[in-house]
Amino acid sequence: MTASWLPADYVHPLREAVTADVHVRPISADDLDIDMPAVMGNQAMLWAKYGEEWGWPPVDMSVEADREDLARHAREMLTHESFNYAILPTDEDRLLGCIYLDPVEAGDDALERPAADVSWWVVADAPAGLADAVHAFVPAWLDRDWPFATVRYPFGEI
């Protein structure tokens, strides 16, 4: 069942190129082996960005908690409740970051619908220029492939 924040017939993208060597695709529980090192290797940066709002990622996040989180993201994408895209190199041997697309919470009636809150992060040791490439990619991708009338960046990316 598709959530009411998107058109019923909307099909979300499954793979999009960010650069010649980097793409995004839906994250899954199968990405645990690359997600855990990326998240915990950047835990302080991620906590500074998301910790107060999301309580994530805790300094003591377990492998099982990460697996459950990834499985939840995958389920939410299937039902179009929210979206988490992994940022990956061609061979997908490491996670370079994530892009989150979430419905705007009810109660902000001034926004044209559908409306999304969008955020992303890139690992500190990402290839040179990747952060800028993602910064350029996300708004263009949203304009091109998503049905959002309103996009907000609550964590200050734009």
Side-chain angles (χ1 to χ4, degrees), residues 1-19 22-32 34-36 38-40 42-58 61-62 64-88 92 95-123 126 130-158:
M1 180 172 138
T2 302
S4 62
W5 73 299
L6 295 174
D9 61 349
Y10 180 71
V11 177
H12 65 274
L14 297 179
R15 183 183 172 108
E16 294 293 325
V18 176
T19 68
V22 174
H23 63 276
V24 298
R25 65 150 169 80
I27 203 160
S28 76
D30 291 339
D31 294 317
L32 179 66
I34 58 173
D35 186 74
M36 190 75 179
V39 170
M40 295 315 287
N42 292 274
Q43 189 275 335
M45 174 198 64
L46 293 170
W47 185 264
K49 183 171 186 168
Y50 299 116
E52 186 173 325
E53 182 76 20
W54 295 354
W56 178 87
M61 185 171 72
S62 69
E64 188 54 39
D66 194 29
R67 182 185 344 270
E68 290 171 9
D69 197 37
L70 293 173
R72 176 183 54 81
H73 283 302
R75 283 190 310 274
E76 290 173 348
M77 289 181 73
L78 290 175
T79 59
H80 285 184
E81 293 173 59
S82 69
F83 299 88
N84 178 346
Y85 281 83
I87 304 170
L88 301 159
E92 298 196 0
L95 182 75
L96 299 172
C98 286
I99 303 168
Y100 307 104
L101 295 81
D102 296 300
V104 170
E105 296 296 324
D108 195 340
D109 296 329
L111 297 176
E112 188 177 349
R113 304 292 174 164
D117 281 338
V118 177
S119 180
W120 67 83
W121 59 274
V122 175
V123 294
L130 182 61
D132 290 338
V134 171
H135 186 269
F137 165 78
V138 172
W141 180 48
L142 296 174
D143 285 346
R144 183 185 70 236
D145 295 336
W146 292 83
F148 304 128
T150 303
V151 175
R152 303 188 312 184
Y153 299 92
F155 293 97
E157 289 82 357
I158 301 287

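- Nearest heavy atom pair, residue Ser119 against residue Tyr50, reads OG-OH, 2.6 Å.
- Counting heavy atoms from C-beta outward, Leu88 and Val24 have side chains that stay 4.5 Å or more apart.
- Salt-bridge formation is detected for the pair Glu16/Arg144: a Lys NZ or Arg NE/NH1/NH2 atom is positioned less than 4.0 Å from an Asp or Glu carboxylate oxygen.
- Side chains of Cys98 and Ile27 form a contact here, defined as non-hydrogen atoms less than 4.5 Å apart.
- Ala29 and Leu70 make their closest contact through CA-CB, 3.8 Å (heavy atoms, listed as atom of the first residue, atom of the second, distance).
- In the model, Glu76 has a side-chain atom that pairs as donor or acceptor with a side-chain atom of Ser82 under 3.5 Å.
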Take Ser62 and Glu64, measure what side-chain hydrogen bond (donor to acceptor under 3.5 Å, both in side chains) needs, and give me the verdict at the end. CA-CA 5 Å; Ser62 69; Glu64 188 54 39; over 6 Å; no
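- Inter-residue side-chain proximity for Trp47 and Glu52 is flagged as unmet; no heavy-atom pair is nearer than 4.5 Å.
- A 4.5 Å side-chain heavy-atom check between Val22 and Leu96 finds at least one atom pair inside the cut-off.
- Between Asp31 and Arg25 there is a salt bridge, since a side-chain N of the basic residue sits under 4.0 Å from a carboxylate O of the acidic one.
- Using cut-offs of 30° and 60° for the angle between ring planes, the Trp146 and Tyr10 rings count as tilted.
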Checking Arg15 against Glu92 for the salt bridge (Lys or Arg N to Asp or Glu O under 4.0 Å) test, could you report, in this order, the C-alpha distance in whole Å, the side-chain angles of both residues, the deciding distance, and whether it holds? CA-CA 12 Å; Arg15 183 183 172 108; Glu92 298 196 0; 3.7 Å; yes
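- In this structure, Trp5 CH2 and Leu101 CG are separated by 6.0 Å, a value rounded to the nearest 0.5 Å.
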Run Gln43 and Met61 through side-chain contact (heavy atoms from CB on, under 4.5 Å) and show every step you take. CA-CA 10 Å; Gln43 189 275 335; Met61 185 171 72; over 6 Å; no
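- For the pair Val123/Leu95, no side-chain contact is recorded, criterion being any heavy-atom separation below 4.5 Å from C-beta on.
- Lys49 and Glu157 are joined by a salt bridge, as a carboxylate oxygen and a charged side-chain nitrogen come within less than 4.0 angstrom of each other.
- Side-chain atoms of Asn42 come within 3.5 Å of backbone atoms of Ala38 as a donor-acceptor pair (strictly under, hydrogens ignored).
- With respect to Arg75 and Glu68, no salt bridge is recorded, no charged nitrogen being found less than 4.0 Å from a carboxylate O.
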Begin with the C-alpha distance, continue with both residues' side-chain angles, and end with the deciding distance and a verdict on side-chain contact (heavy atoms from CB on, under 4.5 Å) for Asn84 and Ile99. CA-CA 6 Å; Asn84 178 346; Ile99 303 168; over 6 Å; no
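- Across all non-hydrogen atoms, the minimal contact from Asp145 to Pro13 is CB-CG, 4.1 Å.
- Contact annotation: the side chain of Arg67 never approaches that of Met36 to less than 4.5 Å [non-hydrogen atoms, C-beta and beyond].
- Of the residues Trp120, Trp121, Tyr85, the one that meets the side-chain hydrogen bond (donor to acceptor under 3.5 Å, both in side chains) test with Tyr100 is Trp121.
- Atom CG of Asp117 sits about 4.0 Å away from atom CZ of Arg152, to the nearest 0.5 Å.
- Residues Val138 and Val118 have side chains in contact (heavy-atom distance under 4.5 Å, counting atoms from C-beta outward).
- When each of Trp141, Phe83, Phe148 is checked for a ring pair (Phe, Tyr, Trp, His ring centres under 6.0 Å) with His12, only Phe83 meets the rule.
- Here the shortest heavy-atom pairing between Pro147 and Pro7 reads CG-CD, 3.7 Å.
- Taking 4.5 Å as the limit, some side-chain heavy atom of Arg113 sits within range of a side-chain heavy atom of Val104.
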